[in-house]
Amino acid sequence: MATIQISFNGEAEKELQLDKETMTIGRKSDNDIHLDNLAVSGHHAKILTILNDSFIEDLNSTNGTYLNGSLVKKNSLADGDIIKIGKHEMKYINTNANSEGDFEKTMIINPDSDGMQETEGSDEIDKSVGAIVAEIASSDSGKSSQQKAKIRLVSGANNGKELALTKVLTTLGKPGVQVAAITRRPTGYFLIHIDGGDNGERPKVNNQQISSKAQPLSDNDEIEVAGVKMTFFFE
């Protein structure tokens with residue numbers, strides 16, 4: 001399990017396990033990771049962990065979130081990365097994290113035309129401003145007899161376009177508006193809420209907003225993320 005080592009002004013304070021899919025970081029006491037310092041916003045950032053991979057996301061904080069010295073909005077984490085929030089530093093420890101080379105396809109859905117295409121490499125994310133992006137699809141580490149699934153667009157100009165869910169993790173959405181992830185687990189496929197933008201809305205399954213828990217997906221469920229509707233189905 002991934003952990004973070006927290007230090008303040010260079011002095012070690014504590015080590016915490018990332019034992020929840022989403023862990024919030026901030027000055028208020030209701031955060032999972034409480035950093036009691038005025039340089040930290042009330043709800044400053046969050047760490048999303050799915051399987052062996054974690055991502056850091058700034059929550060529109062006042063002073064920003066830094067990863068290895070660079071200001072970031074949202075970024076994947078690698079073993080040994082240093083997150084800096086105010087005077088606090090958090091070292092991410094995860095020897096099982098996927099290497100950069102394990103991240104493969106990026107799916108881009110144009111919000112104006114609902115066009116969909118696949119590109120190679122996560123660098124395309126930063127180039128696709130305003131696009132609906134499946135940010136990271138983590139490669140599978142082994143063969144599985146689990147039933148294969150796809151999503152099919154059911155709205156917009158490219159109604160009927162399909163994408164096979166061949167990876168362990170596919171992230172869907174428009175950063176700043178709504179982001180969700182479909183994960184493949186031994187017990188099936190699940191939809192997870194990641195970011196609801198300013199209004200905090202969650203993605204929908206069959207016209208119902210999902211909860212904070214992972215939502216199991218069934219054959220022919222209709223998913224709506226960032227205004228784009230798609231059908232989840234088994235091949």
Side-chain angles (χ1 to χ4, degrees), residues 1-51 53-94 97 122 125-126 128-136 169 171-181 191-203 209-214 225-227:
M1 181 179 294
T3 62
I4 55 168
Q5 297 174 347
I6 303 174
S7 61
F8 179 73
N9 282 336
E11 295 187 7
E13 286 193 340
K14 56 187 173 181
E15 181 170 332
L16 297 175
Q17 290 187 332
L18 300 179
D19 55 1
K20 295 171 59 178
E21 284 181 342
T22 301
M23 295 188 70
T24 58
I25 306 168
R27 191 177 71 253
K28 292 186 177 180
S29 59
D30 61 350
N31 286 280
D32 300 295
I33 303 171
H34 181 217
L35 303 180
D36 189 12
N37 186 268
L38 291 177
V40 181
S41 296
H43 295 99
H44 195 108
K46 65 181 178 181
I47 297 176
L48 171 72
T49 300
I50 301 176
L51 300 175
D53 302 303
S54 299
F55 310 86
I56 180 71
E57 181 178 358
D58 184 80
L59 298 177
N60 298 315
S61 65
T62 300
N63 295 318
T65 300
Y66 291 80
L67 180 63
N68 300 324
S70 298
L71 185 67
V72 295
K73 177 60 180 176
K74 183 176 182 180
N75 212 86
S76 59
L77 294 173
D79 183 43
D81 277 351
I82 302 296
I83 303 164
K84 187 171 183 179
I85 294 178
K87 296 181 179 180
H88 284 85
E89 287 190 353
M90 291 174 283
K91 185 176 182 180
Y92 177 72
I93 307 295
N94 185 3
S122 58
I125 300 168
D126 296 330
S128 57
V129 177
I132 295 177
V133 179
E135 294 175 353
I136 296 176
L169 170 67
T171 306
L172 303 168
K174 183 177 180 181
V177 176
Q178 193 176 75
V179 181
L191 183 69
I192 296 172
H193 171 71
I194 297 176
D195 179 27
D198 292 338
N199 57 24
E201 289 189 2
R202 300 178 183 275
Q209 285 194 25
I210 67 173
S211 69
S212 58
K213 298 180 180 180
V225 181

Separation of Leu48 CG from Met23 CE (nearest 0.5 Å)
12.0 Å
If you round to the nearest 0.5 Å, how far is CG of Leu38 from NZ of Lys87?
9.5 Å
With sequence neighbours excluded, tell me which residues meet side chain to side chain donor-acceptor pair (under 3.5 Å) with Lys73.
Asn60
Could you check whether any side-chain heavy atom of Thr24 comes within less than 4.5 Å of a side-chain heavy atom of Asp30, counting everything from C-beta outward?
no
Say you draw a straight line from CG of Asn75 to CZ of Phe55; how long is it, rounded to the nearest 0.5 Å?
9.5 Å
From Ile83 atom CD1 to Ile4 atom CD1, the distance as rounded to the nearest 0.5 Å:
6.5 Å
Looking at residues at least two apart in the chain, or sitting in another chain, which of them share a side chain to side chain donor-acceptor pair (under 3.5 Å) with Ser54?
Thr49, Tyr92
Glu89: partners by side chain to side chain donor-acceptor pair (under 3.5 Å), with sequence neighbours left out
none
Donor-acceptor pair, distance only, cut-off 3.5 Å: does the side chain of Asn31 make one with the backbone of Gly42?
yes
Mind checking side chain to side chain donor-acceptor pair (under 3.5 Å) for Lys20 and listing every partner two or more places apart, or none if nothing turns up?
Asp32
What pairs with Ala181 under side chain to side chain contact (heavy atoms under 4.5 Å, CB included), at least two apart in sequence or on another chain?
Ile50, Leu169, Thr171, Ile194
Evaluate the criterion side chain to side chain contact (heavy atoms under 4.5 Å, CB included) for residue pair Asp58 and Leu71; output intermediate values, then yes/no.
CA-CA 9 Å; Asp58 184 80; Leu71 185 67; over 6 Å; no
Just verifying a value: how many Å separate Ser41 OG and Leu35 CG, rounded to the nearest 0.5 Å?
11.0 Å
Using modelled atom types only, decide if a donor and an acceptor are shared between the side chain of Asn94 and the backbone of Asp79 within a distance under 3.5 Å.
no
Could you check if a side-chain atom of Lys74 sits within less than 4.5 angstrom of a side-chain atom of Val179, using non-hydrogen atoms only?
yes
Per the side-chain contact (heavy atoms from CB on, under 4.5 Å) rule, which among Glu21, Arg202, Lys213 passes with Ile192?
Glu21
So does Ala39 get a backbone contact from the side chain of Asn63, meaning a donor-acceptor N/O pair under 3.5 Å?
yes
Output a table of donor-acceptor pairs, distance under 3.5 Å, between side-chain atoms of residues 6-19 and any protein atom two or more places apart or on a different chain; print 'none' if there are none.
residue : atom : partner : partner atom : Å
Glu15   : OE1  : Gln5    : NE2          : 3.4
Glu15   : OE2  : Thr3    : OG1          : 3.3

Can you tell if the side chain of Ile25 reaches within under 4.5 Å of the side chain of Met90, non-hydrogen atoms only?
yes
Distance-only, no hydrogens or angles: does the Gln178 side chain make a donor-acceptor pair with backbone N or O of Glu201 under 3.5 Å?
yes
Could you grab the distance from atom CD1 of Ile47 to atom CD1 of Ile56, nearest 0.5 Å is fine?
4.5 Å
If you look only at pairs with a residue in residues 23-44, which of them pass as a ring pair (Phe, Tyr, Trp, His ring centres under 6.0 Å), with sequence neighbours excluded?
none
